[in-house]
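The structure appears below as structure tokens.
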Amino acid sequence: MEQKYEEEIQMLQQEIEMLEAEQEEILRSISIEHGDRLQHELKSVFEERGGSQKPALSKLITEVRELEKDLRRQTEINGIALNECFVKTLHKSERKLVQQLRLAGHCSVLLFQVEFAVTEIQEDDALRRRVTELNLVVDGVEFKDFSAFVSRVEDTKDLLLFFRTLRTFSERCEERRQTFQHFQEKYPDVVSLPEGCRSELMIIRSPQLPGTSMTIFWKIDVSMEGVVKPSLELLLKMPDQAREFDTKKVMENGSNYFQSLLKVLGVEASIEGLIRTVCL
């Protein structure tokens, strides 16, 4: 009977520890999601009480400010902004801790949600930590270039590789968007973006030569190892009657010429050269 009571007491102690840990995690999540509003409300309470601040409340305001400062610093460093952070303790003992986490936010224009579990096991003097049950959701028109890599990360549970690659990929997507938007605004009568400036397709049409167009396909390839590399191709279209006058074989060799330009001039200067050729 005595052993039974001891086991129940031990179970209650473990449950209390889990609830305390969960309370800390909830407070941390609240500070991330509602830090500004919480700080404003606390200040209002202090003003209503004549400006008197109890030590505990004053300490809470300081902690909120430090968390906000740290969050802004991390966002500036890694380019990833979180708007949701949920942590739940599933198991806690002297040697083992299992937590379930959900993070949601954005990196540039890419929205993401990450759900995973972390298991920490204390073995002698070493703390071993591993990620399990990883589930990734990325939202945006760019996702089709990213989907195969995301599937591999879910299999390998390499969360660090995902965030590192997400940042690089989003930067390349933003470069493409800015470049497409720049040329559409600069040459509205020549350049069109039928799927929007965030897509991989840009069409250049000649005002002087109806039916003649150049289509640029700007893909952003992601390898299974997380290497991000832009890939540009040029497709030329010309009416059959105009092909007879193509003595310089522009249609035949245009794609190769464009690749040579990319190596020498870079992306923006090469596209500018194509557009000026069409305009003239």
With heavy-atom distances below 4.5 Å as the criterion, would you say the side chains of [X] and [Y] are in contact?
{"X": "Glu268", "Y": "Phe183", "result": "yes"}
{"X": "Val222", "Y": "Val227", "result": "no"}
{"X": "Glu154", "Y": "Asn135", "result": "yes"}
{"X": "Ile121", "Y": "Arg95", "result": "no"}
{"X": "Leu82", "Y": "Phe112", "result": "yes"}
{"X": "Val118", "Y": "Arg130", "result": "no"}
{"X": "Phe217", "Y": "Leu201", "result": "yes"}
{"X": "Ile271", "Y": "Thr179", "result": "yes"}

Going hydrophobic residue to hydrophobic residue with side-chain gaps under 4.5 angstrom, can you get from [X] over to [Y]?
{"X": "Ile216", "Y": "Leu261", "answer": "no"}
{"X": "Leu101", "Y": "Val114", "answer": "yes"}
{"X": "Leu111", "Y": "Val150", "answer": "no"}
{"X": "Ile203", "Y": "Met214", "answer": "no"}
{"X": "Leu161", "Y": "Val131", "answer": "yes"}

Please check: side-chain N/O of [X] versus main-chain N/O of [Y], any donor-acceptor pairing under 3.5 Å?
{"X": "Thr165", "Y": "Phe162", "value": "no"}
{"X": "Arg176", "Y": "Trp218", "value": "yes"}
{"X": "Ser255", "Y": "Leu234", "value": "yes"}
{"X": "Ser108", "Y": "Glu171", "value": "no"}

When rounded to the nearest 0.5 angstrom, what distance separates [atom1] in [X] from [atom2] in [Y]?
{"X": "Leu236", "Y": "Phe258", "atom1": "CG", "atom2": "CZ", "value": "10.0 Å"}
{"X": "Cys107", "Y": "Leu166", "atom1": "SG", "atom2": "CG", "value": "4.5 Å"}
{"X": "Glu133", "Y": "Gln100", "atom1": "CD", "atom2": "CD", "value": "7.5 Å"}
{"X": "Glu175", "Y": "Ser170", "atom1": "CD", "atom2": "OG", "value": "10.0 Å"}

[X] versus [Y], closest heavy-atom pair with distance:
{"X": "Leu232", "Y": "Leu262", "result": "CB-CD1, 3.9 Å"}
{"X": "Phe180", "Y": "Ser199", "result": "CE2-O, 3.5 Å"}
{"X": "Leu193", "Y": "Gln181", "result": "CD1-N, 4.4 Å"}
{"X": "Ser270", "Y": "Gly266", "result": "OG-O, 2.5 Å"}
{"X": "Leu159", "Y": "Leu134", "result": "CD1-CD1, 3.8 Å"}
{"X": "Glu233", "Y": "Gln259", "result": "CA-NE2, 4.0 Å"}

### Query
For the residue pair Phe146 and Phe149, does the interplanar ring angle fall in the parallel (under 30°), tilted (30 to 60°) or perpendicular (over 60°) class?
tilted
### Task
Walk me through it: do Ser213 and Ile204 pass the test side-chain contact (heavy atoms from CB on, under 4.5 Å)?
CA-CA 6 Å; Ser213 65; Ile204 305 170; over 6 Å; no
#### Entry: Audit row: Met202, Thr215, side-chain contact (heavy atoms from CB on, under 4.5 Å) steps and yes/no
CA-CA 6 Å; Met202 172 176 163; Thr215 302; over 6 Å; no
### Task
Using a cut-off of 6.0 Å, state whether more than 12 heavy atoms not belonging to Lys219 lie near its atom NZ.
no
### Query
Is it the case that more than 12 heavy atoms not belonging to Arg152 sit under 6.0 Å from its CZ atom?
yes
### Task
May I have the step-by-step check of side-chain contact (heavy atoms from CB on, under 4.5 Å) for Tyr187 and His182, ending in yes or no?
CA-CA 9 Å; Tyr187 303 100; His182 164 73; over 6 Å; no
### Query
Charged N to carboxylate O below 4.0 Å: is that the case for Lys96 and Glu120?
no
### Query
Do Glu272 and Lys186 meet the salt-bridge criterion of a basic N to acidic O distance under 4.0 Å?
yes
### Query
Under 3.5 Å, is there a donor-acceptor pair linking the side chains of Arg129 and Thr119?
no
### Query
Between Thr168 and Arg172, is a side-chain contact (heavy atoms from CB on, under 4.5 Å) present by the stated rule, with each step listed?
CA-CA 6 Å; Thr168 305; Arg172 300 292 86 80; 3.5 Å; yes
